[in-house]
Amino acid sequence: MPSARRAGSIYRRCECRDADGKLLGNACPQLKKKSHGSVGLRQELPPDADGKRRTFRRTGYKTVAEAQGDLSRLQAILDLPGDDPAEQQRVGDLLADIARRRADIPQPDEVKRRLGVGVPLDGAMTVAEWLDRWMAGKKTRTTTNAGYRSHIKVHLKPHIGHYRLDRLTVGHVQIMFDAIADQADLIRAENEARREQKLRAKWHRPGRPPAKERERLAAERERLAAMKPYRKVTGPPTRHAIRRTLRAALNKAIGEQLITFNAAAHVELGSSARPKGLLWTAERVARWRETGVVPSPVMVWTPEQLGAFLDAAEDHRLYAFFHLVAHHGLRRGEGVGADWANVHLDISPPRIDVLTEIVVDGWTPIETAPKTDSSMSAVMLDRETVQVLREHRARQDAERAARVKAGKAWADTGKVFTAEEGSWLHPDVVSKEFKRIVEAAGLPPINLRDLRHGAAALVKAGGGDIDDASKKLRHSTIVLTADTYMSLFQEYEQDLTERAAAAVPRARRGRGTAPAAGAVPGQGPSAALQPADADDDASTVRASTDNG
């Protein structure tokens, strides 16, 4: 039966009793007076989940008009679900609970909004429930959604998921971020303690340690094994990203008129400045070898260090990938997702069109378009990179022919960089291979992403400026480039300034200084573009002519 036809009525009742003490009810003669007794209402509700009948009753109204107003509101709410039995039951559950608690009857428009988005009608939805519902409707990129899900699972649900959505306060959110910061400090201290213990457990002198030292080292290594492994620190940038996720979810709830206030917008988190790119100077390398501490989350090799890496990687089947990223700044997913159809080596100027990328959803690789419009553009290639890609294609053709000859399948994906059988190359495989080569070469550590950052350093080494670097890396705004690389460019600028001052030959300097090591009097400015801060033990240096 449609809810609009359910029975409802207004009645008057009193507490008058007969001589035996029984309530007179409707038989009371005084009920004819409007001032006698109180007014009540009765409204039939949809059956419960077991099919049992339910009735909404409420008394205590002073006038019939008051009772009629609430009855009309009840009937308007009961009309909302139409003929949908499931929604009728939801509305019935809501009104039965309101009758039991003697709570205020909500406005029909408020109930209608909640019916429309499928949230609890009593407003008791928790933050965790809303976050799940918000994520179910997200239509952003898979990788972006993966970041949202990580923030929700690791931070938001454990800390504030149990609060009612409409009762979430700034204080609740602030306590969460304070707890995340405290945990980060703890993890940072534990990581530092592990680094120090690792140094104590290592023999730093040449040759085999004496017996007494071997005993001490064994004990130190046992203590090291009992310590917690290195863990990732949730730093300020990540905390700001978590707040952006929560703020977006709460803004959506405001748009659905479920809440009126965004608690995440008023939390104090402090600065979220991007980590600055720093060069691996000789001083920093020496300090890292002594302590194991990396100075910045974004570290960049000097051209000499990059050359040493490329020399070490030259016989690897993915050498062309590392060369392309190092010289032209492709992102990992862009390199792995590149198609031969978009690589143009026989035209002038040669280029690669960045139109697709392969990213991971959890662990599963998926193909998608680059994140921003500025990322989808052509990357001009230098002559050496063209030759490297041609050699790579010949190697890939040989791999295909060898597998076919051996009766093995070859997956013709059309990708520039593939697994041994031609299938998509998993992005994580590239990162692991990169790390393995770096460690084997004894180079100061950087991430594969930092290899892209190094392309910006090559722009400076080639005489370019921050605007040239922004175009090279295909950033959407020069502000992003400047935030990350300005300090790196300033380090190069200081190096160039010193070399320029020492490049002029003088018979009498009067300052007791000598020309910078490697400076050749009379040689053009290109010789001064190579920093003199490479590792002392780097014996082989690749000469790079690419302008980045």
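For reference, positions follow the sequence shown, starting with 1.
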What pair of heavy atoms forms the shortest contact from [X] to [Y], and how long is it?
X    : Y    : value
G422 : T413 : O-OG1, 2.9 Å
R332 : S431 : NH1-OG, 2.8 Å
R289 : G442 : NH2-O, 3.1 Å
V233 : A184 : CG1-CB, 3.7 Å
L250 : A263 : CD1-N, 3.9 Å
L224 : A201 : CD2-CB, 4.4 Å

Once you round to the nearest 0.5 Å, how far does [atom1] of [X] lie from [atom2] of [Y]?
X    : Y    : atom1 : atom2 : result
R284 : L278 : CZ    : CG    : 4.5 Å
L269 : R243 : CG    : CZ    : 4.5 Å
L131 : T245 : CG    : OG1   : 9.5 Å
L451 : L324 : CG    : CG    : 10.0 Å
M380 : S348 : CE    : OG    : 10.0 Å
K153 : K157 : NZ    : NZ    : 10.0 Å

Taking the side chain as every heavy atom from C-beta outward, state whether [X] and [Y] have any atom pair closer than 4.5 Å.
X    : Y    : value
I352 : L381 : yes
L318 : L425 : yes
P427 : V359 : no
V360 : H426 : yes
W288 : V293 : no
R149 : M135 : yes
L345 : R393 : yes
Q305 : V285 : yes

Pairs satisfying ring-ring contact (aromatic ring centres under 6.0 Å, His included), at least one member in residues 194-224, at least two apart: none
Is a donor on one side and an acceptor on the other found under 3.5 Å between the side chain of [X] and the backbone of [Y]?
X    : Y    : value
D450 : N447 : yes
S296 : M299 : no
R247 : A264 : no
N191 : R231 : yes
E314 : D311 : no
H327 : H323 : yes

What residues, two or more places apart in sequence or in another chain, satisfy ring-ring contact (aromatic ring centres under 6.0 Å, His included) together with [X]?
X    : result
Y148 : W134
F309 : W301, F322, F434
H392 : F417
H316 : none

Partners passing side chain to side chain donor-acceptor pair (under 3.5 Å) against [X] (at least two apart in sequence or in another chain):
X    : result
E391 : Q387
E399 : R317
E420 : none
R221 : none

Side chains of [X] and [Y]: is there a donor and an acceptor less than 3.5 Å apart?
X    : Y    : value
S423 : E421 : yes
E220 : Q197 : yes
R239 : T234 : no

Identified side-chain contact (heavy atoms from CB on, under 4.5 Å) partner of F321 from the options V430, L330, V416: V430
side-chain contact (heavy atoms from CB on, under 4.5 Å) partner of W280, chosen from L306, I446, V300, L443: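 That would be I446; it is the only one of L306, I446, V300, L443 passing the side-chain contact (heavy atoms from CB on, under 4.5 Å) with W280.
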Face-on cation placement of R194 at Y230 ring, 6.0 Å and 45° thresholds: yes
Salt bridge (Lys or Arg N to Asp or Glu O under 4.0 Å) contacts in which one or both residues fall within residues 204-214, not counting sequence neighbours: E213-R216
K138, NZ: over 12 other non-hydrogen atoms inside 6.0 angstrom: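 It does: K138 NZ has more than 12 such atoms within range.
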More than 12 heavy atoms of other groups within 6.0 Å of D182 CG: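 Count over threshold, so yes.
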Sequence-distant partners of K432, salt bridge (charged side-chain N to carboxylate O under 4.0 Å, His left out), two or more places apart: D428
R390 with D346: basic N within carboxylate O range, under 4.0 Å: yes
Any pair counted as side-chain hydrogen bond (donor to acceptor under 3.5 Å, both in side chains), so long as it reaches residues 336-345, sequence neighbours left out: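 Residue pairs with at least one partner in residues 336-345: D339-T356, D339-K415, W340-Q396, H344-D353.
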Parallel, tilted or perpendicular: ring planes of H155 versus H159, cut at 30 and 60 degrees: parallel
Derivation and outcome, side-chain contact (heavy atoms from CB on, under 4.5 Å), residues H266 and V173: CA-CA 9 Å; H266 300 276; V173 181; over 6 Å; no
